[in-house]
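Start at 1 and go down the list; that is how both ligands and their atoms are numbered.
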Amino acid sequence: MTQYIGKPLSRVDGVDKVTGKAKYAAEFNVPDLAYGYVISSAIAKGKITKIDATDALGLDGVLQVFTHENRPKLAWFDMNYKDQDAPPGSPFRPLYDAKIKYSGQPVALVVAETFEVARYAASLIQVEYDVDEHETDLASNQQEGRKPKSGVASLLKPPPPKPRGDFDEAYSASAVKVAEEYVHAVEHHNPMEMFATTVVYEQNGKLTIYDKTQGAPNSQMYVAQIFDIPFSDVRVVSPYVGGGFGSGLRPQYQLFLAVLASRELKRSVRVSLTRQQMFTFGHRPATIQRLALGASPDGTMSAIYHDAVAETSQFEDYTEVVVNWAGMLYPSENVTLTYKVVPLDMYTPLDMRAPGGVTGISALEVAVDELAHKLGMDPLELRLKNYADRDMNEDRPYSSKELKACFQQGAERFGWSKRNPEPRSTRQGHNLIGWGMATGIWDANQMPARAEAVLMVNGKLRVSSATADIGTGTYTVMAQIAADTLGMPIDDVLFKLGDSDLPLAPIQGGSWTMATVGSAVKVVCEDLSKSLFKLAKKMPGSPFAKVDFNDVEFADKSIRLKSDSSVVVSLQAVVDSNGGRAIRETSTSLPNMLEQRKYSRSTHSAVFVEVQVDEELGSVKITRAVTAVAGGRIINPKTARSQIIGGMVWGISKALEEESVMDHHFGRFMNHNLAEYHVAVNADIHDLDVIFVEEHDTIVNPLGVKGLGEIGIVGMPAAIANAVFHATGKRVRDLPITLDKLL
Ligand code: MOS
């Protein structure tokens, strides 16, 4: 039965969220709670020579000041425990020693009876440093670029493929060429909810930890390993997350500091970071990319070169897939793709919505537009001319790829055929109007996950998995799958998540939750249906005694014969017959790797954008945009659309506004607040339209879903940059396209 799958249901947690009933990590209150305030390093590199906390400790209500000098000895300081999203290298350990590795590094935690006292006490603490020279500028250090170290992370983030053909020869023989450099700024995630951890200390030493995270089990394992506590004594709870975008894929330092303080003081402790401190861990790295494309006069792209150099920290090699996409999207015979990192004196970059993908595509798809312009060819026609039916990087087919349908339906909806190819050809008063388009691509992965399904004595269904809902709609879509699989009204289904006590699921990232946890929910509900049927068969006088499982269906809270719906046993009767006990199943869903590895699995999109550029002010307004997405089966068109719209808004923000500006003299991000770090606001957003093209895929996972959290952002910045060129005749190759670049 598919009563709910495919329907645009509103969020089941919507009312809780808008009425304030939904609680976030810093909102769980317990008696006798102490508050921590973090002191951040004022220098980018060097050594702490002295921390004088005398005045702070003399203040009424101050409980302790933790520093590298008095922190407890923990085995972890000498081992290399890695969280689920840790890149190769050696993770940063707060309060390890006197060394400063980056500006904003936590150097002390003040704990007091109130937040205000802790914050005031922090202002009284004198930290003295020996300052070393630091390097934070990617541009002036790019010659230091080297291949990143590989590690487990490389499985999901493959290095560039080996070159195919001979780029140099094909490029020099090409009639039409483009060779340009593209520069992208650092960005910070800036979710609305600040990072926070509330540790509830129980007298037996057990900890219940409310943490802001994209994976409760990830935080649980981290705490258990680092503090050498049995897993069963650490429970991490995170029912709601006020925006993640990747920032919560790794346990952040407030978690470590809150647990440390709680264990030392033997009481409950909360540590929240300030908005400024949200700029002290993880960011989308700055990149410098070089692209060269060669084509014959008919538009056949024979040569592609895409090189990227990105920053990382001195202690970890953060990598992302920036250049591989060129070799996937375009079937050129001669392709060279290279990727390097430059270690700098800053914190390790961190995955941010479509990490690498939006970076690489935002350069590649501009270069393709430049090529189209030189060829005198329509940009859409050029992409159709160079359409890849196979993934030539891996030399294998796609499990499904309805990108052509995206191009066609997107162009139709937008009215692309009416485009005058000439830049600066359309004007309305002092505004120049431009149309641009771009392609998007992202991974369609599935991970292993577990889920539990319980038919409770009251006849309701409870399904659970330790996944997260970072705002994506997990609560809702999982309930839809469970309700349909067991033929229950959705109001009788409760989905639980965000608790490390629940069956294990991976971090919520990589756009894989629908495919991963959705599959686990489907499997466990199917397993439960089989158990229920077995019990129903054994009930006294059961009409199913001699009936096969395949001959029944689950609908209207009951099991009934497919051929005769009057032959029926209600689920309530089944659970009643179970001696007053609930009926439960726990199942694991594993990706079918043997089958999946024969295919490349990706989502695709086509993006069309109209911009209006004020010629006198240089300001850019995105008047309308259409994104057509091939994302497999759509479980909930409403939450799915919201994901794509959210990605498009981010794309506008990235293209025009977002930039963490570092003062290299200090090695510090200077605009660390939402007044000076600009994000798109309501006034920046106009007509956004989303199309989901039909796409059937039996390979990606049993549900045929592909995940939509990231594909919405991927093609937007390039489409905007291309539209700005079409409007103004100015090609801006460094993001964001701020007005000074257009004047
Ligand atoms: Mo996403 S950057 O994998 O949360």
Side-chain angles (χ1 to χ4, degrees), residues 83-87 152-158 184 186-193 195 211-219 238 240-252 278 281-285 287 310 312 316 318-322 325 347-362 440-447 449 466-474 497-498 505-517 601-603 631 639 642-644 646-651 653-654 658 660 705-714 716-717:
D83 62 82
Q84 283 181 39
D85 195 37
V152 191
S154 337
L155 289 175
L156 283 168
K157 295 177 169 180
H184 293 173
V186 169
E187 293 165 71
H188 280 84
H189 306 74
N190 278 306
M192 271 203 282
E193 182 197 8
F195 272 76
D211 187 36
K212 164 149 187 170
T213 174
Q214 288 176 236
N218 192 28
S219 292
S238 177
Y240 294 98
V241 181
F245 315 116
S247 61
L249 291 172
R250 304 191 68 183
Q252 296 301 1
M278 296 286 286
F281 59 83
H283 57 272
R284 194 194 292 285
T287 50
T312 189
E316 287 170 317
Y318 173 80
T319 65
E320 48 189 25
V321 175
V322 177
W325 315 102
Y347 192 78
T348 312
L350 177 58
D351 291 324
M352 183 187 292
R353 205 169 198 174
V358 67
T359 307
I361 297 291
S362 295
I441 178 170
W442 188 248
D443 305 324
N445 281 322
Q446 183 194 0
M447 309 288 278
T467 181
D469 188 339
I470 56 175
T472 43
T474 316
L497 54 69
I507 42 181
Q508 179 166 55
S511 296
W512 62 50
T513 302
M514 192 70 252
T516 300
V517 183
R601 290 157 289 125
S602 305
T603 46
T639 52
S642 294
Q643 281 301 296
I644 301 304
M648 291 169 80
V649 170
W650 262 62
S653 206
K654 176 178 172 62
E658 296 200 37
S660 304
V705 301
K706 282 185 169 178
L708 300 165
E710 292 168 295
I711 186 66
I713 188 177
V714 176
M716 268 312 266

Under 3.5 Å, N/O to N/O: give me all the pairs between ligand 1 and the protein, one per line with atom names and distance.
residue  : atom  : partner : partner atom : Å
ligand 1 : 3 (O) : G510    : N            : 2.6
ligand 1 : 4 (O) : Q214    : NE2          : 2.9
ligand 1 : 4 (O) : G246    : N            : 3.1

(request) Taking atom types as modelled, find out whether Q643 and T472 have a side-chain donor-acceptor pair closer than 3.5 angstrom. (result) no
(message) Do E658 and S653 pair up side chain to side chain, a donor and an acceptor below 3.5 Å, judged on atom types alone?
(response) yes
(message) If the test is salt bridge (Lys or Arg N to Asp or Glu O under 4.0 Å), which one of D211, D351, D83, D85 qualifies with R250?
(response) D83
(request) Specify the closest pair of heavy atoms between D469 and T474, including all atoms of both residues, with the distance to one decimal. (result) OD2-N, 2.9 Å
(request) Give a yes-or-no answer on whether the side chains of Q508 and T467 include a donor-acceptor pair shorter than 3.5 Å. (result) no
(request) Applying ring pair (Phe, Tyr, Trp, His ring centres under 6.0 Å), name anything that partners H184, two or more places apart in sequence or on another chain. (result) none
